[in-house]
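Structure first, commentary second.
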Amino acid sequence: MALAALVLLVVPLGLAPFVAGVEEPAPAQDRAPRTIAGDQAVAASMACTDPADPAREVPTDVVAARLCPTENGLVRWYAPQDGLHADLAPLLELLVTLDPMPESTPEGRYICPQDGGWGFDLRLALASGETVSISGDTGGCSTVRIGGEDVVGSDEVLATFLSGITDQRAASKPASDLASLPLGCGSDTTFKDHVLSRIGDPRELVRAVSCWRPDSKDDVAPWIGPTPVPDHWVAVLADDMRRHSRADLGWNGADPCVGEPWTSHDLVGQTRWGDVVAIRGVCDTYLLSDVNTGAPEDQEFWYPSQRAQRILDRLRR
């Protein structure tokens, strides 16, 4: 008996369940997803209109993913037209580690009065040919629904997917059959009057419309436009943005219209990846980055050259 006890004492701790004849499988959502090779053809063919059943759990055999905007959120937006296939591991690893929704009432419900950000439907294509859906909303509780249960972390899911798309684009070329999405001037007077993509570089612009307002500092007039911008002008403006933009305070730091009427001028366009972007101008200074992203000193502003400014002036006639 003493010898047997000694043998058990020196067995490594990690092998103890095996020696004792006990196996304790990890909960389904704690196991790491099995990463398999992504399928570029499947990613390219995924459509938001295709049928998809709600995911019962985070699947382990994903070959491609597509993000689709939904009307669940209060903010309208365009999701990327390209599907993700190059590196699915960060997205899948995040999904299996999201925390359950906390319980804050006797009924076990967590109340989120401010729900309603960017709603999305994450489509996951499986090696079996099936497509499943995981929904999320970045407002309020930042909820993600998996297997009929809400977990927390839709902001991280959205950011991880978009980061994966950005990295994938760096090593690939855009598709030739991208849809031309509607471009317009909007109807209200806020910075949220355009339906935009969450990613997209204005310096990759390939089509655009012009929208402007004269004397718009105190008495905001309706937009004039949308006026289509000729393709050869779009090419000149995009090249000028690459050459004459920098991170600074722009019109957040000083009046850009000294001695001139306060004129608002937006270029709303689509990049070569299909992303809808807005370049927002006040007099002769244009904001390239998202107006709600980061601190003012981290934003990217474009200061047009004389050649580009002549084109912009002609668009405002």
Original post:
Asp137 side chain to Gly117 main-chain N or O, any donor-acceptor pair under 3.5 Å?
Top reply: yes
Original post:
If you measure from CH2 on Trp223 to CG on Asp266, what distance do you get to the nearest 0.5 Å?
Top reply: 3.5 Å
Subject >> Check: Phe301 ring centre within less than 6.0 Å of Trp251 ring centre >> reply: yes
Original post:
Does Ser197 reach the main-chain N or O of Val276 with its side chain, forming a donor-acceptor pair under 3.5 Å?
Top reply: yes
Subject >> Where at least one partner belongs to residues 230-239, residue pairs that pass salt bridge (charged side-chain N to carboxylate O under 4.0 Å, His left out), sequence neighbours excluded >> reply: Asp239-Arg242, Asp239-Arg243
**OP:** Give a yes or no answer on whether the side chain of Gln81 reaches the backbone of Ala179 with a donor-acceptor pair at less than 3.5 Å.
**Re:** yes
Original post:
Is it true that a side-chain atom of Thr160 and a backbone atom of Leu91 form a donor plus acceptor pair closer than 3.5 Å?
Top reply: no
**OP:** Sequence neighbours left out, what passes side chain to side chain contact (heavy atoms under 4.5 Å, CB included) with Asp313? Give chain and number order.
**Re:** Gln309, Arg316
Subject >> Minimum heavy-atom distance Met241-Pro202, with the two atoms named >> reply: SD-O, 3.6 Å
Original post:
In terms of heavy-atom contacts, does CD of Gln40 have more than 12 from other residues, nucleotides or ligands at under 6.0 Å?
Top reply: no
**OP:** Check whether Leu98 and Leu88 end up in the same hydrophobic cluster, where Ile, Leu, Val, Met, Phe, Trp and Tyr are linked by side-chain heavy atoms less than 4.5 Å apart.
**Re:** yes
Original post:
To the nearest 0.5 Å, how far apart are CG in Leu267 and SG in Cys211?
Top reply: 8.0 Å
**OP:** Determine yes or no for a side-chain-to-main-chain donor-acceptor pair under 3.5 angstrom, with Arg123 supplying the side chain and Asp50 the backbone.
**Re:** yes
Original post:
Residues two or more places apart in sequence or in another chain: which of them pass side chain to side chain donor-acceptor pair (under 3.5 Å) with Ser305?
Top reply: Asp240
Original post:
Does the pair Arg169/Asp275 count as a salt bridge with the N-to-O cut at 4.0 Å?
Top reply: yes
Original post:
Considering all heavy atoms of both residues, which atom of Phe120 and which atom of Leu67 are nearest to each other, and what is their separation?
Top reply: CD1-CD1, 3.7 Å
Original post:
Just one of Glu300, His265, His244, Arg280 clears the side chain to side chain donor-acceptor pair (under 3.5 Å) bar with Tyr286, so which one?
Top reply: His265
**OP:** For Ile279 and Leu288, run side chain to side chain contact (heavy atoms under 4.5 Å, CB included): C-alpha distance rounded to whole Å, both residues' side-chain angles, the deciding distance at 0.1 Å, then the answer.
**Re:** CA-CA 5 Å; Ile279 300 102; Leu288 295 186; 3.7 Å; yes
Original post:
With distance as the sole test, does Glu57 use its side chain to make a donor-acceptor pair with the main-chain N or O of Gly147 at under 3.5 Å?
Top reply: no
Original post:
Which distance, rounded to the nearest 0.5 Å, do you find between the CG of Leu95 and the CG of Leu124?
Top reply: 7.0 Å
Original post:
Would you say Trp118's side chain and Gly136's backbone share a donor-acceptor pair under 3.5 angstrom?
Top reply: no
